[in-house]
Amino acid sequence: MVIMQEDMNYTITTLASHSCLQILKGAKDEGFATCAIATSDKTAFYGNFKFIDEIIQIETYSRFYSLEEKLKAKNAIVVPHGSFVAYLGEGGDEKISLPYFGNKKVLKIEGDRVLQHEWLRKAKLNLPKAYSQIEEVDKPVIVKLYGAKGGSGYFTAVNKKQLTEKLKKFHFQDKKYFIQEYIIGVPVYLQYFYSPLQQKVELMGIDRRYETNVDGLGRLPSDIQLNYPLEPSYTVIGNFPIVLRESLLPKAYQMADKVVASSKKIIPPKGLIGPFCLETIITPNQEFYCIEISCRIVAGTNLYINGSPYTDLYYGQPMSTGRRIAKEIREAITQRRLDEILD
Ligand code: AMP
Ligand code: AMP
């Protein structure tokens, strides 16, 4: 994507959802013009925020592409987030012709559970066992539908017998799914930012999710749980902040460095650009198991619009992931290196 580097009048734009407020607040703090693309039910809400210069109303998010000419005239740079996959569909990001923050090629790998598993394996991360055959299952497992996001379309099974029954019961046998060892531990989501300009990973924050109904089931007395035919679901409702034991932080950094290094081999030359998240489960012997990677800003970063305990260690000012993205863009403009961070 060719853009005129000497022209500093860029507009940071994104869909009005997910982490839009954080992204556009960060862009404004870094001196950019900002634009949100909103459906009619959302324009009034997003209109409450002074750091959003313009809201363009759209019938449905899938019509985003029809705005591209208009946005081009504003020198727009698109910052993607989780709603792009949810609302533009699989492969939707690739169709965007505007300058786009990040590496679209990473998304193909991220979106395919098998390719993703291969990538993390090559990066030498500790992973839950993945089963390609039901017959191989020898431990409790979690089964995930392809494309299931935000934790819906999952179920757990304690053994092979129960797995076979549940695959039938939930009609998974006709669909593409992924069987993974269920790790007992605590979920910890590590939010990172990889700067291609500085060739460095920063830990931006850590969170865990608040998921319905799995986080509600534990509130029921056990006799009711036993007699209540409820399957846990993992639909995300919000996020809690976490700080890790400091002695675990070096490991958290090593994992991210390994993922970035292997991304450059798998998708050369650029690899990962900007924010990503390693979703992990930490066991009682303090081992991280990586269950998934997200290669864009995750909504858990919304906890830290005013900075996190970790960003506070690097910056003399409140630094959200949204602002960090805008800062990278600003520095790339100044150094005439935009090509290194945009797709
Ligand atoms: P929304 O904008 O809330 O409709 O969400 C768009 C996409 O992002 C959906 O796939 C959601 O599951 C996902 N999402 C939204 N908020 C969160 C969150 N706090 N944690 C994880 N995923 C989220
Ligand atoms: P995900 O969408 O992969 O982040 O997973 C949604 C929920 O399922 C989270 O609460 C995770 O803690 C849980 N989960 C996913 N995979 C595993 C696993 N292999 N072992 C234990 N819990 C898991």
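Both ligands and their constituent atoms are indexed starting at 1 by order of listing.
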Inset, instruction - Please confirm whether Phe178 and Tyr146 have ring centers closer than 6.0 angstrom. - result: no
Inset, instruction - Heavy-atom contacts with Ser17 under 4.0 Å: which atoms of ligand 1 show up? List them by number with element. - result: 1 (P), 2 (O)
Legend entry - Pairs meeting criterion ring-ring contact (aromatic ring centres under 6.0 Å, His included) with involvement of residues 69-98, two or more places apart: His18-His81, Tyr61-Tyr87, His81-Phe84
Inset, instruction - Scan side-chain atoms only and decide if Glu292 and Tyr189 contain a donor-acceptor pair under the 3.5 Å cut-off. - result: no
Legend entry - Distance flag, aromatic centroids of Tyr10 and Phe32, threshold under 6.0 Å: no
Inset, instruction - Answer with side chain, backbone, both or neither: which part of Tyr289 has a heavy atom less than 4.0 angstrom from an atom of ligand 2? - result: neither
Inset, instruction - Specify side chain, backbone, both or neither for Glu211, according to which of its non-hydrogen atoms lie closer than 4.0 Å to ligand 2. - result: side chain
Legend entry - ligand 2 to Ile183 polar contact by distance, N or O atoms, under 3.5 Å: yes
Legend entry - Set of residues satisfying ring-ring contact (aromatic ring centres under 6.0 Å, His included) with respect to Phe288, sequence neighbours excluded: none
Legend entry - ligand 2 N/O within reach of Tyr189 N/O, cut-off under 3.5 Å: yes
Legend entry - Sub-4.0 Å atoms of ligand 2 with respect to non-hydrogen atoms of Ile281: 12 (O), 21 (C), 22 (N)
Inset, instruction - Could you tell me whether Val214 approaches ligand 2 through its side chain, its backbone, both or neither, with non-hydrogen atoms closer than 4.0 Å? - result: neither
Legend entry - Numbered atoms and elements of ligand 2 in range of Pro187, under 4.0 angstrom, heavy atoms: 12 (O)
Inset, instruction - Just jot down the ligand 2 atoms closer than 4.0 angstrom to any heavy atom of Tyr234, in number order. - result: 7 (C), 8 (O), 10 (O)
Legend entry - Between Trp119 and Ser263: side-chain donor-acceptor atoms closer than 3.5 Å: no
Legend entry - Between Tyr210 and Phe240, ring centroids under 6.0 Å: yes
Inset, instruction - Compute whether any side-chain donor of one residue and acceptor of the other, for Tyr131 and Asp138, lie under 3.5 angstrom apart. - result: yes
Inset, instruction - Number the atoms of ligand 1 from 1 as they appear, then name those within less than 4.0 Å of a heavy atom of Asn239, with their elements. - result: 18 (C), 19 (N)
Legend entry - N or O pair under 3.5 Å between Lys42 and ligand 1: no
Inset, instruction - Using a strict cut-off of less than 4.0 Å between a Lys/Arg side-chain nitrogen and an Asp/Glu carboxylate oxygen, indicate whether Glu68 and Lys72 qualify as a salt bridge. - result: no
Inset, instruction - Output the list of atoms in ligand 1 that are nearer than 4.0 Å to some heavy atom of Arg209, sorted by atom number. - result: 21 (C)
Legend entry - Under 4.0 Å to a heavy atom of Lys144 - the qualifying atoms of ligand 2, by number: 3 (O), 15 (C), 16 (N)
Legend entry - Subset of ligand 2 atoms that lie under 4.0 Å from at least one heavy atom of Glu292: 1 (P), 2 (O), 3 (O)
